[in-house]
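In what follows, residues are counted from 1 in the order of the sequence shown. Computed from heavy atoms alone, side chains included, the values below leave out hydrogens, waters and symmetry copies. Note that the coordinates shown come from a computational prediction; the quantities given were computed from them, not determined experimentally.
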Amino acid sequence: MSYKDFINQIAARNPGQPEFMQAVEEVVETVWDVYEANPRFKKANILARVIEPEAVHTFRVAWVNDKGEVEVNRGYRIQYNSAIGPYKGGLRFHPSVNLSILKFLGFEQIFKNALTTLPMGGGKGGADFDARGRSDNEIMRFCQAFMTELYRYIGPDTDVPAGDIGVGGREIGYMFGQYKKITREFSGVLTGKGLGWGGSLMRPEATGFGCTYFAQAMLGTRGDSFKGKTVAVSGFGNVAWGAAIKVTELGGKVVTLSGPDGYIHDAAGLNAEKIEYMLEMRASNNDRVEDFAKKFGVPFFAGKRPWEVKVDVALPCATQNELGADDARTLVKNGCICVAEGANMPSTLEATKILQENGVLFAPGKASNAGGVATSGLEMSQNSMRLRWTAEEVDQKLQHIMNEIHSACVQYGKGPDGKINYVKGANIAGFLRVANAMLDQGVV
Ligand code: NDP
Ligand code: 2IT
């Protein structure tokens, strides 16, 4: 069977799930030769098994808003793969959330978590909740109603959720409180907790920092660094914030941020005050970056994406499929040398190919944004040991893990011409770890 026939079979079983099929296609295409060459994998039907989630839970979330009206949302937890550890992955609250999006995220998470080398399986969950314009009390009541169902499926050795779009420290706090109230247990059941109650130092910064460390390692393969580089960042949330801090610290200039309303172009580059303001924007439950433009007097481009700005490095940190083929062509034309994904699957398959074919260093999210979940893994270790590492200790471990992931990508992705295909490298390295664990554990 060709890999295309295999993909067609999977597509027929999963109708109406475009994002999920996009993620599957990318993995299958790149691991196919390794899979075909290993009769033990084929005999155990590993590829079809890794594509099927172990369990998919969906549940009703009913709650009362400030006007006394009853609202209904749909909650999910996809327990994708537990071959190398408890299910682990974030929760996303966004009106666009559906089964296809959570399955793509859960599927990616399996390989990402394997790349960290920490004992974490893959999972993802969330709800189609729209936080825009909600009061803090409404957010709390929603989180409590959500956890009142979710708690049945999770546990510190079973499944450990964390944040993602729309779920940050505040939401994790409300969910942790409700879990503790129901179960009467104080445990490391969630990561991204507050620093005063079991959270790890550096977890908020970890995804953006990790992405920047990864990009730094990529630039390093060409004897280059962030020093003096102009950088486009998209999004304005947790990941974009961490990336902006670290890029600036390493001597790069972050000149863009974006939201669903458009992007801002700050030619002077973000400074500490502007980066601090990103936190305020994220906490305001308002999805506009135009406010940033007004506050700091910089140009705002409504309805546009930042990829049209001439930059050396691009870090897409907002959401899936935010960088398409035309954006990729523009980046190439403008001399961009490196794209590292902070978000999950922000580049379309076509955009990825265009960047790779034109010699742009390109890192897929499952490699370059793994610093978030890696630091969640470190939070789990600290919770189990009932101790706390310093920020320096966590940061050092994070840097080490990102460099190891980079090395794994080079090991499996370097072609005869010396060029590194990070997509192939990440997929093969992650797949091998999970596939071998599944083989050892029999047909379950
Ligand atoms: P946040 O909620 O903190 O920020 C998300 C950002 O993306 C916001 O600026 C949000 O605006 C914006 N956004 C959402 N949808 C769109 C859209 N359709 N167009 C443009 N902007 C949009 O989330 P995070 O920073 O945590 O997550 C960002 C990305 O990073 C996601 O892909 C996530 O899966 C990924 N990621 C996150 C990790 C983490 O540890 N937090 C770890 C690894 C990956 P708004 O919500 O107002 O629409
Ligand atoms: O996509 C991701 O890796 C995350 N949202 C973080 C998951 C986690 O468990 O920390």
Side-chain angles (χ1 to χ4, degrees), residues 1-60 74-84 87-92 94 96-114 121-128 153 159 164 320-321 344-345 347-350 352-353 364-366 423-424 426-428 430-439 441-444:
M1 197 194 300
S2 73
Y3 83 85
K4 289 222 160 104
D5 290 338
F6 179 86
I7 288 171
N8 287 339
Q9 274 185 5
I10 303 293
R13 296 190 66 200
N14 297 282
Q17 298 182 12
E19 294 87 0
F20 172 61
M21 285 312 304
Q22 184 181 339
V24 166
E25 211 173 313
E26 187 216 83
V27 170
V28 172
E29 187 185 341
T30 45
V31 305
W32 189 256
D33 289 347
V34 170
Y35 182 68
E36 283 286 297
N38 190 321
R40 292 180 71 214
F41 288 166
K42 286 184 73 174
K43 187 154 178 276
N45 205 7
I46 293 285
L47 202 49
R49 279 166 63 201
V50 86
I51 290 169
E52 189 67 21
E54 290 176 17
V56 177
H57 305 285
T58 71
F59 44 89
R60 183 181 70 193
R74 189 171 298 163
Y76 303 83
R77 186 69 185 166
I78 319 265
Q79 299 185 319
Y80 222 115
N81 191 295
S82 61
I84 61 176
Y87 307 109
K88 180 85 196 86
L91 296 169
R92 177 176 291 192
H94 198 270
S96 64
V97 160
N98 59 32
L99 190 60
S100 172
I101 289 180
L102 293 183
K103 277 178 70 185
F104 116 64
L105 289 163
F107 183 66
E108 290 279 290
Q109 199 81 42
I110 304 171
F111 308 105
K112 183 196 305 193
N113 294 3
K124 199 85 189 189
D128 58 353
Y153 309 115
D159 184 352
D164 193 80
Q320 64 275 355
N321 293 328
N344 285 307
M345 210 169 73
S347 314
T348 63
L349 290 174
E350 209 186 342
T352 301
K353 294 245 151 74
K366 66 169 77 68
V423 176
K424 186 174 167 196
N427 286 340
I428 294 177
F431 174 75
L432 284 176
R433 282 183 194 150
V434 177
N436 283 318
M438 288 176 75
L439 265 189
Q441 293 170 27
V443 180
V444 289

State which residues pass side chain to side chain donor-acceptor pair (under 3.5 Å) with Q79; sequence neighbours excluded, sorted by chain then number.
H57, D159
Any side-chain heavy-atom pair from W32 and F6 closer than 4.5 angstrom?
yes
By side chain to side chain donor-acceptor pair (under 3.5 Å) - contacts of T352 (at least two apart)
none
Across all chains, not counting sequence neighbours, the ring pair (Phe, Tyr, Trp, His ring centres under 6.0 Å) partners of H94 are none
Go through the structure and list residues passing side chain to side chain donor-acceptor pair (under 3.5 Å) with E29, not counting sequence neighbours.
K353
Ring pair (Phe, Tyr, Trp, His ring centres under 6.0 Å) with F431: which residues, sequence neighbours excluded?
F41
Calculate, to the nearest 0.5 Å, the distance between atoms NZ and OG belonging to K88 and S82 respectively.
14.5 Å
Under the side chain to side chain donor-acceptor pair (under 3.5 Å) test, which residues partner Q17, sequence neighbours left out?
K103
Are side-chain heavy atoms of Y35 and V28 found at a separation under 4.5 Å?
no
Check G75 against A127 and note the closest heavy-atom contact, atom names and distance.
CA-CB, 4.2 Å
Answer whether the closest heavy-atom distance between the side chains of V34 and N38 falls below 4.5 Å.
no
Any chance you could measure R433, atom CZ, to I110, atom CD1, to the nearest 0.5 Å?
15.0 Å
Give, for atom OH of Y87 and atom CZ of R77, the distance between the pair rounded to the nearest 0.5 Å.
10.5 Å
Applying salt bridge (charged side-chain N to carboxylate O under 4.0 Å, His left out) as the test, list every pair that has at least one member in residues 36-48; sequence neighbours left out.
E36-K42
Side chains of V31 and I428: closer than 4.5 Å at any heavy-atom pair?
yes
Pairwise distance CD1(I84) to CG(N113) - rounded to 0.5 angstrom:
7.0 Å
Heavy-atom nearest pair, A44 first then R49, reads O-NH1, 2.9 Å
Who passes side chain to side chain contact (heavy atoms under 4.5 Å, CB included) against V56, sequence neighbours left out?
P53, T58, I78, L99
Would you list the pairs meeting salt bridge (charged side-chain N to carboxylate O under 4.0 Å, His left out) in which at least one residue belongs to residues 3-23, sequence neighbours left out?
R13-E52
Keeping the roles fixed (side chain from Q441, backbone from A83), state whether a donor-acceptor pair exists under 3.5 Å.
yes
Does F111 have any ring pair (Phe, Tyr, Trp, His ring centres under 6.0 Å) partners at least two apart in sequence or in another chain, and if so, which?
F107
Testing the basics here: between I10 and N14, what is the closest heavy-atom pair and its distance to 0.1 Å?
O-ND2, 2.9 Å
Report yes if some heavy atom in the side chain of Q22 is under 4.5 Å from a heavy atom in the side chain of Q320; otherwise report no.
no
Looking only at heavy atoms, which two atoms of A114 and G430 are closest? And how far apart?
CB-O, 3.7 Å
With a 4.5 Å cut-off on side-chain heavy atoms, are Q109 and N81 touching?
no
Identify the residue among L91, N344, L102 that makes a side chain to side chain contact (heavy atoms under 4.5 Å, CB included) with D164.
N344
Heavy atoms of S100 and G16 approach each other most closely as CB-O, 4.3 Å
Output all residues satisfying side chain to side chain contact (heavy atoms under 4.5 Å, CB included) with R74, sequence neighbours left out; order by chain, then residue number.
Y76, D128
Nearest heavy atoms of Q9 and M1, plus distance in Å
NE2-CE, 3.6 Å
Mind checking what makes salt bridge (Lys or Arg N to Asp or Glu O under 4.0 Å) contact with K366, not counting sequence neighbours?
E26, E108
With heavy-atom distances below 4.5 Å as the criterion, would you say the side chains of V27 and V50 are in contact?
no
